[in-house]
Undergrad: 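Please read through the structure below; I'll follow up with questions.
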Amino acid sequence: KSKAKLQEPEKQDTSFDDVAGLDNTKKELEEVIEFLKDPTRFEEIGAKLPKGLLMVGPPGTGKTLLARAVAGEAEVPFYSISGSDFMEMFVGVGAKRIRDMFNKAKEKSPSIIFIDEIDSIGRSRGAGLGGGHDEREQTLNQLLSELDGFEPNESVVVIAATNRPDILDKALLRPGRFDRRITVDMPNQQAREKILEIHAKNKPMADDVDLGRVAKSTPGFSGADLENLLNEASLYAGRDKRKQVTMSDIDKARDKVMMGLEREGVQID
Ligand code: ATP
């Protein structure tokens, strides 16, 4: 299966309700949603919205989820690629893939392009560790020229995500490119509880389960870690052929996930 094959846009049924917490981040994105819903309204009054947004935040904090939710809320097509897809490509393939994707997105405008792990293509030139330089540089150059090449009526919002903004090539951050930064933070206790509630919805919970307590005992957990925790807990219940997840399943699952995080060197305080 060729990684370079262009996917049809996915229809998004993700909405802001699927994203717990991150209220300020959502507020910042409202403007983009308004624009995508009715670009002409903004263009007619001469308003120029930033078309390149850089989402910055630790892994698993919901950057991809948020980008999907923006597409779902605005009801526009969502094209997505990940920087890591480009790792093993032959020279020229990555650039072509970028070009094709932008062309499609323009055809279906208003639309969203999402580039996950932009640092894999967009790391500062010269900061690489050898290997595949030509390919990455060509891909990056193509991306830069696409970002510069929008016509006024092409309402494509490009959202990129990274947890390493420090290593990005400065050319990507120039005005007119990814010139707006959106911070996606790790969830605090309150947000963790809300995330747990969302992911507990499709899992029958025993009466002894107290998600508030779980939220309290999981500092340093991202949204993805919390989702993983509840999934592990339901696996424990499933193995025991029980129909409900108990607090003891959750406690065991938390210890397991926590051990994995410590191994990765994540600070749990
Ligand atoms: P990465 O940097 O690893 O790509 P990311 O920031 O893009 O991570 P997502 O892929 O969006 O993170 O998150 C992974 C999963 O974790 C989501 O699909 C969702 O189920 C869950 N999740 C993360 N954050 C939240 C949140 N704020 N609310 C609800 N679910 C969340």
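As the structure lists them, so they are numbered: ligands from 1, and atoms in each ligand from 1.
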Undergrad: With a 4.5 Å cut-off on side-chain heavy atoms, are Met101 and Ile81 touching?
TA: yes
Undergrad: Go through the structure and list residues passing salt bridge (charged side-chain N to carboxylate O under 4.0 Å, His left out) with Arg41, not counting sequence neighbours.
TA: Glu34, Asp38
Undergrad: I'd like to know if Glu117 pairs up with Lys63 as an ion pair, taking the criterion as any Lys NZ or Arg NE/NH1/NH2 lying under 4.0 Å from an Asp or Glu carboxylate oxygen.
TA: no
Undergrad: Within ligand 1, which atoms have a heavy atom of Ile195 less than 4.0 Å away?
TA: 26 (C), 27 (N), 28 (N)
Undergrad: Which ligand 1 atoms, with their elements, are less than 4.0 angstrom from a heavy-atom of Glu227?
TA: 15 (C), 16 (O), 17 (C), 19 (C), 20 (O), 21 (C)
Undergrad: Would you say the side chains of Ser222 and Asp225 form a donor-acceptor pair under 3.5 Å?
TA: yes
Undergrad: Where is the tightest heavy-atom contact between Arg177 and Ala171, given as atom of each residue plus distance?
TA: NH1-O, 2.7 Å
Undergrad: Within the structure provided, determine whether Ile195 and His199 are in side-chain contact (heavy-atom separation under 4.5 Å).
TA: yes
Undergrad: Side chain, backbone, both or neither: which part of His199 has a heavy atom under 4.0 Å from ligand 1?
TA: side chain
Undergrad: Hydrogens and angles aside, do Ser111 and Ser109 bring a side-chain donor and acceptor to less than 3.5 Å of each other?
TA: no
Undergrad: Going by side-chain contact (heavy atoms from CB on, under 4.5 Å), name the residues that satisfy it together with Thr246, two or more places apart in sequence or in a different chain.
TA: Ala206, Asp208, Arg242, Ser248, Asp249
Undergrad: Could you tell me the residue and atom name of the protein heavy atom closest to atom 14 (C) of ligand 1, and the distance to it rounded to 0.1 Å?
TA: Ala224 CB, 3.8 Å
Undergrad: In terms of hydrophobic clustering (I, L, V, M, F, W, Y; side-chain heavy atoms under 4.5 Å; direct or indirect links), are Phe114 and Phe16 co-clustered?
TA: yes
Undergrad: Is the closest heavy-atom distance from Leu226 to ligand 1 below 4.0 Å?
TA: no
Undergrad: What atoms of ligand 1 come within less than 4.0 Å of a heavy atom belonging to Val19?
TA: 27 (N), 28 (N)
Undergrad: Once you restrict to heavy atoms under 4.0 Å, what part of Lys63 touches ligand 1? Side chain, backbone, both or neither.
TA: both
Undergrad: Considering only protein heavy atoms, which is closest to atom 27 (N) of ligand 1, and at what distance to one decimal place?
TA: Ala20 O, 2.9 Å
Undergrad: Checking a contact table here: which protein heavy atom is nearest atom 12 (O) of ligand 1, and how many Å away?
TA: Gly62 N, 3.1 Å
Undergrad: Run the numbers for me: atoms of ligand 1, each under 4.0 Å from some heavy atom of Pro59, listed by number.
TA: 2 (O), 3 (O), 8 (O)
Undergrad: Is the contact between Thr64 and ligand 1 made by the side chain, the backbone, both, or neither, using heavy atoms and a 4.0 Å cut-off?
TA: both
Undergrad: For atom 25 (C) of ligand 1, what is the closest protein heavy atom, and at what distance to 0.1 Å?
TA: Leu65 CD2, 3.8 Å
Undergrad: For atom 4 (O) of ligand 1, what is the nearest protein heavy atom, given as residue, atom name and distance?
TA: Asp116 OD2, 3.3 Å
Undergrad: Strictly by modelled atom types, are Gln142 and Glu146 linked by a side-chain donor-acceptor pair under 3.5 Å?
TA: yes
Undergrad: Below 4.0 Å from any atom of ligand 1, is there a heavy atom belonging to Gly60?
TA: yes
Undergrad: State the atoms of ligand 1, each with its element, that fall below the 4.0 Å cut-off from a heavy-atom position in Asp18.
TA: 28 (N), 29 (C)
